[in-house]
Each structure stands twice: as C-alpha cells, then as structure tokens.
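Shown next, in structure tokens, is the structure this report addresses.
What you are looking at is a predicted structure, and each value in this text was computed from that prediction instead of being measured.
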Amino acid sequence: MSGKKERNKERREKRLQEISLLRTIPYSDHQRWWSQETVAVVTGANRGIGFEIARQLAGHGLTVILTSRNISVGIEATKALQEGGFSYDVHQLDILDVESISAFVEWIKQKYGGIDILVNNAGVNYNLGFDNSVEFARQVVDTNYFGTKNMIKAMISVMKPSAAAARIVNVSSRLGRLNGRRNRIQDATLREKLTNLETLSEELIDRTVSSFLQQVEDETWQSGGWPQTFTDYSVSKLAVNAYTRLVAKELCDRPQGEKIYINCYCPGWVKTAMTGWAGNISPEVAADTGVWLSLLSDQAITGKFFAERREINF
C-alpha cells in the first residue's frame, strides 16, 4: 500500500473511532426536540442500513415506521426490532409504484396525521467487485432516483409543522459526486449546469439521466463521458444529490414552523447484501450519519452532502 493510501486509511479509521465514541454520548434534554410522538419513516428498512437506521432512531425514543416492498419480510424485521422494547410500525411500500406510495400516504394521514422525518434508504445496485454492467440500468435509475423523488414529492404533504423543522435524509453515495477528482461526468458544461443552483432544475436532472439511459439502449454509453465505476448506480446517485440541492432551494422560503430540511449522505462501503458483504464498514456505523442528520438540533442545515458527520462537496 502506498504512503498516501496508508495515511488515508489511518485517517478514516481514526474518524470511525471518533464516530463510535460520539455514538456513546447521549443527547441532552436541550438537544432532544423529539419524543415518542415524533414519527420517522425509513424506506427499505427490512435489512441493512435501513434496518439499522430504524433501530437507532427508535432507540432514541421516536416512533419509527419501517417500509418494505415485501410486507412479510417487513413484519419479520419489525418483530426482531420490537424485542428491544421500542416503538415500531410497518407498512408495505414499493417506491416504484405510484399507487403504493399513494396508499402509504393515506395510511399515514389516517393513523398518524403526518410524519416528522423521512429517510429515503430504499435503493438497488446490481454490480459487485469490479463489475460495471448496465444490464439493469433502467431499474437502478428508476428506483434510486425516480423512486426517491416520487417519495419526496408525496411525503412533503404529510410532514408535520414543527418549530424544530421536519427532516428528509437521502441515503446516497460519493460515487454520485459531480466534482470529485475521479468517477465524474466528463462534460464540463453539464457539470457546471448541474452544480449551479441558478441553472439546476428538475428538467435538467431528468434529461441527464434520460440521456444516459438512451445511450445504454443504443450501446453508446461507454463513450458518453459517464462515471466509469458502477456507472448506472453512480448516475442514479448523482441525480439524487442534485435533486436534494434543488428541493432544499425550493423549500428554503417556508415560514418558521413549516420548515423542511433536506440533506443527503454517503454511508460508505458497507457490509450488506448490496455489496455482497464485501464492505469495510458495519451497518451500525454506516447508519450513524443518517440518524445524526435526522436528529440535528439548533442547526438549520439543508441542501448539503455529508459523510461520517462531515460536510463534503457535491
């Protein structure tokens, strides 16, 4: 291992140790803006990072609703969590199905009146190791970007007014960074348009992912200047990151008491089914920043991208 890689590894391990220590420090009464009446929804929470985010949020005293595409699997996950004595509920949800989302929203209205926190964790990735197939690119983009976007649009209507503000946390990835040194879109003009909030729009984001999918269909994507690592996943998360910034801008003028803060974060390379259990970070540690962003107090942070509780550039 080169000297630079060794130093980076040491820094990351030191930061993970710091996070493990921070997780042992309880929130003070002053910091705790939430109670058991505070409702958090975590999508794709039947396993992996979503399961752990749900467990940690409930451990802090919130009521957590797990969603799962397969309701029987979701029920089994909820049973496992309820053994800890915390407050959970479960509901079927397929973020690719508009009718499923609508049914979920109506159920929320009837049973809880609304929610305080939305964690968009549901997502897919079909590449492992050094693979870079785009065979399932349509499903990856539809789930990770369009599914997440549809959830945000639907759930904003049921986010409860609060002095502490409602929160949306999108589980994303560094692979979707616009201006990283590696694995970025090569088209500098497009990067600038997606970076600049004055030119960023939902139409531009949609057009970008549609262009990628069209090139996949035409089998020309490899010369299209797209990210070269897990290309379909990277493009989908790039879109999530851009949409997070766009929604933050659209919501910023809401009056006090009706604020909604939206951020995204990279959990890292996690030991879950999505990575074929090849990751180097436990789900417990990977969930930490998502939980931290969900519970932030006295800080009006929105439209930002985080990793290991630190803001990083998009």
Side-chain angles (χ1 to χ4, degrees), residues 38-60 62-112 114-126 136 139-156 158-159 167-173 233 236-237 240 264-265 267 270-277 279 282-284 286-288 290-291 294:
T38 304
V39 179
V41 169
V42 184
T43 67
N46 54 284
R47 65 179 185 177
I49 299 169
F51 180 90
E52 187 58 32
I53 289 174
R55 189 187 70 81
Q56 291 185 27
L57 285 173
H60 285 298
L62 291 77
T63 293
V64 180
I65 300 169
L66 289 76
T67 77
S68 174
R69 187 171 52 187
N70 184 323
I71 188 59
S72 61
V73 173
I75 290 171
E76 288 304 310
T78 305
K79 287 179 180 177
L81 290 169
Q82 285 173 336
E83 292 175 1
F86 300 116
S87 182
Y88 299 95
D89 206 342
V90 62
H91 197 277
Q92 191 278 335
L93 176 65
D94 182 352
I95 66 170
L96 285 175
D97 184 344
V98 175
E99 291 185 2
S100 177
I101 293 175
S102 296
F104 179 65
V105 169
E106 287 305 310
W107 177 79
I108 287 287
K109 287 179 181 177
Q110 292 175 18
K111 187 164 184 178
Y112 292 97
I115 69 168
D116 303 274
I117 297 166
L118 169 65
V119 180
N120 284 308
N121 166 75
V124 294
N125 172 40
Y126 293 96
F136 301 103
Q139 187 171 350
V140 170
V141 171
D142 282 351
T143 304
N144 296 356
Y145 170 55
F146 288 109
T148 295
K149 181 173 75 166
N150 290 340
M151 276 298 294
I152 291 170
K153 288 186 173 186
M155 298 305 289
I156 282 177
V158 292
M159 302 203 83
R167 290 101 192 281
I168 300 173
V169 178
N170 297 323
V171 180
S172 191
S173 174
Y233 183 79
S236 74
K237 292 302 187 179
V240 169
C264 53
Y265 90 101
V270 190
K271 295 176 185 175
T272 63
M274 186 178 283
T275 66
W277 311 102
S282 70
E284 292 81 5
D288 174 79
V291 173
S294 298

(request) Step by step, work out the side-chain contact (heavy atoms from CB on, under 4.5 Å) result for Asp89 and Thr63. (result) CA-CA 8 Å; Asp89 206 342; Thr63 293; 5.6 Å; no
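- Leu118 and Ile152 make their closest contact through CD2-CA, 4.4 Å (heavy atoms, listed as atom of the first residue, atom of the second, distance).
- Looking at Asp116, its side chain does come within 3.5 Å of a backbone N or O of Val39 through a donor-acceptor pair.
- Counting all heavy atoms, side chain and backbone alike, Arg167 lies closest to Met159 at O-CE, 3.3 Å.
- The minimum heavy-atom distance between Val169 and Ser294, with the atom names listed, is CG2-OG, 3.6 Å.
- Tyr112 is listed as a side-chain neighbour of Ile65, based on a closest heavy-atom distance under 4.5 Å.
- Residue Ser100 holds its OG atom at 10.5 Å from CZ of Arg69, rounded to the nearest 0.5 Å.
- Under the 4.5 Å side-chain criterion, counting only non-hydrogen atoms from C-beta, Val158 is in contact with Met155.
- Judged by distance alone, the side chains of Asn70 and Ser68 never bring a donor and an acceptor atom under 3.5 Å apart.
- The shortest heavy-atom contact between Ile95 and Met151 is CG2-CG, 3.6 Å.
- No side-chain heavy atom of Val140 sits under 4.5 Å from any side-chain heavy atom of Asn125.
- The heavy-atom pair separating Ile117 from Val119 by the smallest distance is CG2-CG2, 4.0 Å.
- No donor-acceptor pair closer than 3.5 Å links the side chain of Glu284 to the backbone N or O of Glu52.
- Remark: Asn121 CG to Arg47 CZ distance equals 10.0 Å, nearest 0.5 Å.
- Separation of atoms CD1 (Ile53) and CD1 (Ile49) is listed at 6.5 Å; rounding is to 0.5 Å.
- Annotation: side chain of Val41 is not in contact with side chain of Leu93 (no heavy-atom distance under 4.5 Å).
- Note that OG of Ser173 is 11.5 Å distant from OH of Tyr265, once rounded to the nearest 0.5 Å.
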Distance-only check: which donor-acceptor pairs under 3.5 Å involve side-chain atoms of residues 78-86, not counting sequence neighbours?
residue, atom, partner, partner atom, Å
Thr78, OG1, Gly74, O, 2.8

(message) Between Leu57 and Val291, is the side-chain contact (heavy atoms from CB on, under 4.5 Å) condition met? List the steps.
(response) CA-CA 6 Å; Leu57 285 173; Val291 173; 3.9 Å; yes
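- Across all their heavy atoms, Ser172 and Cys264 have their closest contact at CB-CB, 4.1 Å.
- For the atom pair NZ of Lys237 and CG of Asn170, the computed distance is 8.0 Å after rounding to the nearest 0.5 Å.
- Partner of Thr148 under the side chain to side chain contact (heavy atoms under 4.5 Å, CB included) criterion, chosen from Thr143, Asn120, Thr43, Ile168: Asn120.
- Rounding to the nearest 0.5 Å gives a distance of 9.5 Å between CG of Asn46 and CZ of Phe51.
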